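Structure record follows, encoded as structure tokens.
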Amino acid sequence: MEAIALEKLAPSGLQRPRVNAWLADLCVEVDLLWEGERLAVELDSRRYHAHRTREDAGRGALLESFGYRVLRFGWGDITAGPFVAEVSRGLVECRKADA
């Protein structure tokens with residue numbers, strides 16, 4: 001899903017995120033990370049995330065408690081939904097919060 005997400009983001013002109021970024025201090029891996037803005041994007045496929053809802057919610061809460069904004073997207077959001085617009089809006093909001 002990361003490859004498809006990056007393909008969708010490429011024409012937007014947004015900065016390329018770190019992919020499968022390991023945050024060692026939190027012991028958490030994030031699918032897409034805009035480190036400067038502290039925006040974490042999690043890509044939830046049914047294959048890998050359907051049975052991990054509680055675990056994913058816990059990771060999201062941990063990230064948020066350390067000042068990250070977390071956005072979650074499923075396959076349909078990325079391929080046919082508002083994925084790029086929502087990521088763009090999230091980045092703008094994160095930048096405003098830091099200003």
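Keep in mind that what you see is a predicted model, and the values were worked out from it rather than measured. In what follows, every heavy atom counts, from backbone to side chain, and hydrogens, waters and symmetry copies are set aside.
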Begin from the C-alpha positions of Met1 and Asp31 and carry the test side chain to side chain contact (heavy atoms under 4.5 Å, CB included) through to its verdict. CA-CA 9 Å; Met1 283 182 74; Asp31 293 328; over 6 Å; no
What is the distance from atom [atom1] of [X] to atom [atom2] of [Y], rounded to the nearest 0.5 Å?
X: Glu86; Y: Glu93; atom1: CD; atom2: CD; value: 10.0 Å
X: Glu7; Y: Thr79; atom1: CD; atom2: OG1; value: 11.0 Å
X: Leu33; Y: Arg18; atom1: CG; atom2: CZ; value: 5.5 Å

Heavy-atom closest contact ([X] atom, [Y] atom, distance):
X: Leu26; Y: Tyr68; answer: CD1-CE1, 4.1 Å
X: Gly60; Y: Val70; answer: O-CG2, 3.9 Å
X: Ala5; Y: Leu43; answer: CB-CD1, 3.9 Å
X: Asp77; Y: Phe83; answer: O-CB, 3.2 Å
X: Val87; Y: Val41; answer: CG2-CG2, 4.2 Å

Given Cys94, which of Glu37, Arg89, Arg38 fulfils the side-chain contact (heavy atoms from CB on, under 4.5 Å) condition?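 It is Glu37; the other options fail the test.
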For residues [X] and [Y], determine if any side-chain heavy atom of one lies less than 4.5 Å from a side-chain heavy atom of the other.
X: Leu9; Y: Val84; value: yes
X: Leu23; Y: Phe66; value: no
X: Arg16; Y: Leu6; value: yes

Under 4.5 Å between side-chain heavy atoms, hopping through other hydrophobics if needed: is there a path connecting Phe73 to Trp34?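 Yes: a chain of side-chain contacts under 4.5 Å links Phe73 to Trp34.
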Shared hydrophobic cluster, Leu32 / Ile4 (ILVMFWY, side-chain heavy atoms < 4.5 Å):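 Yes, Leu32 and Ile4 fall within the same hydrophobic cluster.
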Does the Ser88 side chain pair with the main chain of Ala85, one donor and one acceptor, at a distance under 3.5 Å?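 Flag not set: sc Ser88 to bb Ala85 has no pair under 3.5 Å.
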